[in-house]
Amino acid sequence: MRTLAKVLPILLLMFCGYASLGHAAQPRPERPALPVAPESEDTLEAQLLGTWVLMEAKTPGKPSGIGLRRQTFTSSRWEIIQKDPETGKVIFHHGGTYHLDGDILEKTVEFAGTSTKSYKGRTHKFRIKIEKGTYTQIGIGNPFDEVWRRDGI
């Protein structure tokens with residue numbers, strides 16, 4: 001019995017050490033990569049990021065979205081929202097993913113509120129430019145020629 005009392009702690013240490021080594025040898029799942037920010041703030045993609053306020057539009061909507069409609073771009077998603085200026089109720093809201101190839105922007109609508117539900121599933125193309133805090137888009141095959149200014153300017 002005395003020998004077992006001396007050997008048991010050693011056996012436990014050996015077992016625990018072996019188990020720890022076995023656990024350490026198990027492959028660990030890699031964390032998903034985080035989206036990479038554009039390399040330079042001078043790129044059109046980097047300049048597009050942020051929130052914009054509608055300033056001019058070929059089709060401003062009813063009530064007009066001029067000065068009220070906001071559009072936000074992240075590294076892979078976009079969203080537009082507009083509230084009624086009198087009630088504060090959201091009257092215009094949709095968004096989804098986008099792809100920028102040179103100065104051609106393709107926006108795909110993945111979700112939409114009641115007033116714009118017909119846009120869901122559609123992709124709209126635009127030729128865009130950004131200069132001095134102003135974002136201009138000219139619709140390619142659509143009537144959404146618009147001028148936006150960076151929110152907060």
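FYI, the numbering just counts along the sequence from 1.
With sequence neighbours left out, the ring pair (Phe, Tyr, Trp, His ring centres under 6.0 Å) criterion links His94 to Trp78, Phe92, Tyr119. The side-chain contact (heavy atoms from CB on, under 4.5 Å) search around Leu68 returns Gln82, Pro85, not counting sequence neighbours. Annotation: side-chain contact (heavy atoms from CB on, under 4.5 Å) contacts of Thr114 (sequence neighbours excluded): none. Every residue two or more places apart in sequence or in another chain was checked for a salt bridge (Lys or Arg N to Asp or Glu O under 4.0 Å) with Glu56, and none qualifies. For Glu146, the side chain to side chain donor-acceptor pair (under 3.5 Å) partners at least two apart in sequence or on another chain are Gln137, Trp148. Applying the salt bridge (Lys or Arg N to Asp or Glu O under 4.0 Å) rule to Lys125 yields the partners Glu106; only residues at least two apart in sequence or on another chain are considered. Every residue two or more places apart in sequence or in another chain that forms a salt bridge (Lys or Arg N to Asp or Glu O under 4.0 Å) with Asp103 is listed here: Arg127. Partners of Thr134 by side chain to side chain donor-acceptor pair (under 3.5 Å), not counting sequence neighbours: none found. Here Arg77 pairs with Glu110 under the side chain to side chain donor-acceptor pair (under 3.5 Å) rule; sequence neighbours left out. For His93, the side chain to side chain donor-acceptor pair (under 3.5 Å) test picks out Glu79, with sequence neighbours left out.
Looking at Thr116 and Val109, their side chains never come closer than 4.5 Å, going by heavy atoms from C-beta outward. Here the side chains of Leu100 and Phe73 are not in contact, with every heavy-atom distance at 4.5 Å or above.
Both cation-pi conditions hold for Arg150 and Trp52: the charged atom is under 6.0 angstrom from the six-membered ring centre and inside a 45 degree cone around its axis.
Residues Ile66 and Met55 share a closest heavy-atom pair of CG2-O, 3.3 Å. Nearest heavy-atom pair across Leu105 and Tyr98 is CD1-CD1, 3.5 Å.
Under the 3.5 Å distance criterion, the side-chain polar atoms of Tyr135 are left unmatched by any main-chain donor or acceptor of Leu54.
Hydrophobic cluster membership for Phe111: none, as no Ile, Leu, Val, Met, Phe, Trp or Tyr side chain comes under 4.5 Å of it. Clustering of Ile, Leu, Val, Met, Phe, Trp and Tyr by side-chain heavy atoms under 4.5 Å joins Val90 with Ile81.
The distance from atom CD of Glu45 to atom CD1 of Ile130, rounded to the nearest 0.5 Å, is 10.5 Å. Rounded to the nearest 0.5 angstrom, Ile91 CD1 and Lys62 NZ are separated by 12.5 Å. One distance of note links CD of Gln47 with CD of Glu131; it measures 9.0 Å at 0.5 Å rounding. Of the inter-residue distances, the one linking His99 atom NE2 with Thr108 atom OG1 reads 10.5 Å to the nearest 0.5 angstrom.
With hydrophobic clusters built from ILVMFWY side chains whose heavy atoms lie under 4.5 angstrom apart, Phe144 shares a cluster with Ile128. Residues Val147 and Ile140 do not share a hydrophobic cluster, defined by chaining ILVMFWY side chains whose heavy atoms lie under 4.5 Å apart.
Exactly one residue among Thr136, Ile104, Asp145, Asn142 makes a side chain to side chain contact (heavy atoms under 4.5 Å, CB included) with Phe126. That residue is Asn142.
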